[in-house]
Amino acid sequence: AITSCTNTSNPGVMIAAGLTGLFSGIGVGVFRVHPLIMTLAMSLVVQGLANAWQVQRVQTGAGVPPELRWLGAGNFLGIPNSLLVFVPVALLILLILHRTGYGRLLFAIGDNPIASRLSGVRSWQVLIVLYVFSALLAGVAGLLYAGLVVTGAATLCRRLGCRRGAWAVPVVLFATSHRTAIMASS
């Protein structure tokens, strides 16, 4: 869904990605929704919004900007430009994970969330930052992919074989109704 925003002069892609991550992070970190369920639910919301956005874009005839095409499909000295974006981002992630307090907190929560909570780690804050950062990276990847295939469409994921919509709705509905029933009986 994020891949369909292709106007590079408009920060709408990254704002949408950041808000998606913020809502997912709040759902998982604060409200304790299972991450799989939150991801499935948010993917349905984003896919629906992307379909509505795509109708508007098709009516205006907007295409992929040349800068985005160059970044997604071009190369520099035989090296793909997308790789020139990936390597510094990957190094930054490694630096954050292994050289900062945030990275240590993230490893602690991943290793043993109960022990980290008992040690005073505010895991909900760490999770919100993680989900926002992850969503922003997904936004960048979506822009690169839109530049690679030289189109911006909400259905780009289907080309990769992503058919999550068929089973996502029953899973989300069952899980939320099951959780509600458990919470009501407690």
Side-chain angles (χ1 to χ4, degrees), residues 1-25 28 35-36 38-100 102-107 110 126-166 168:
I2 300 297
T3 58
S4 57
C5 289
T6 57
N7 187 355
T8 55
S9 63
N10 183 354
V13 174
M14 301 315 286
I15 291 171
L19 287 174
T20 300
L22 180 65
F23 290 139
S24 295
V28 172
L36 176 67
M38 190 69 211
T39 302
L40 288 173
M42 188 54 73
S43 72
L44 290 174
V45 170
V46 170
Q47 189 68 36
L49 292 173
N51 284 333
W53 179 86
Q54 183 178 356
V55 168
Q56 185 267 338
R57 292 293 277 188
V58 167
Q59 290 172 350
T60 61
V64 177
E67 302 86 19
L68 195 56
R69 280 184 261 155
W70 176 81
L71 194 60
N75 62 52
F76 179 73
L77 299 175
I79 301 170
N81 292 337
S82 56
L83 185 63
L84 297 176
V85 172
F86 169 75
V87 170
V89 169
L91 292 174
L92 177 68
I93 291 170
L94 287 173
L95 180 74
I96 290 171
L97 287 176
H98 295 286
R99 301 280 188 227
T100 66
Y102 175 76
R104 285 187 289 278
L105 291 175
L106 195 57
F107 280 123
V126 176
L127 288 173
I128 288 174
V129 171
L130 174 66
Y131 274 84
V132 169
F133 187 63
S134 177
L136 290 172
L137 289 175
V140 170
L143 287 173
L144 289 173
Y145 185 62
L148 177 67
V149 298
V150 193
T151 185
T155 57
L156 285 178
C157 182
R158 291 190 191 134
R159 293 181 186 175
L160 298 174
C162 304
R163 306 229 188 272
R164 69 180 176 275

Rounded to the nearest 0.5 Å, how far does [atom2] of [Y] lie from [atom1] of [X]?
X: Leu130; Y: Ile96; atom1: CG; atom2: CD1; answer: 11.0 Å
X: Thr100; Y: Leu95; atom1: OG1; atom2: CG; answer: 7.5 Å
X: Ser82; Y: Leu84; atom1: OG; atom2: CG; answer: 8.0 Å
X: Tyr131; Y: Leu136; atom1: OH; atom2: CG; answer: 14.5 Å
X: Leu148; Y: Leu71; atom1: CG; atom2: CG; answer: 10.5 Å
X: Leu97; Y: Leu105; atom1: CG; atom2: CG; answer: 11.5 Å

If I compare all heavy atoms of [X] with all of [Y], which pair ends up nearest, and what's the gap?
X: Ala135; Y: Ala17; value: CB-O, 3.0 Å
X: Arg104; Y: Arg99; value: NH1-C, 4.3 Å
X: Leu68; Y: Leu143; value: CD1-O, 3.4 Å
X: Gly147; Y: Ala73; value: O-CB, 3.8 Å

Are Met38 and Pro35 packed together at the side-chain level, in the sense that at least one heavy-atom pair is separated by less than 4.5 angstrom?
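Met38 vs Pro35: side chains apart.
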Check: Asn81 and Val85 side chains under 4.5 Å, non-hydrogen atoms:
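Result no, sub-4.5 Å side-chain heavy-atom pair not found.
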If the condition is ring-ring contact (aromatic ring centres under 6.0 Å, His included), which residues does Tyr102 pass it with, not counting sequence neighbours?
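Expected list: none.
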Whether Ser43 side chain and Leu40 backbone form a donor-acceptor pair below 3.5 Å
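Yes, Ser43 side chain to Leu40 backbone: donor-acceptor pair under 3.5 Å.
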Does a sphere of radius 6.0 Å around CZ in Phe86 hold more than 12 heavy atoms from other residues, nucleotides or ligands, not counting ones at 6.0 Å or beyond?
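Count not over threshold, so no.
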Run Val140 and Met14 through side-chain contact (heavy atoms from CB on, under 4.5 Å) and show every step you take.
CA-CA 8 Å; Val140 170; Met14 301 315 286; 3.6 Å; yes
Pair Leu137-Ile93, side-chain contact (heavy atoms from CB on, under 4.5 Å): steps then yes or no:
CA-CA 10 Å; Leu137 289 175; Ile93 291 170; 3.6 Å; yes
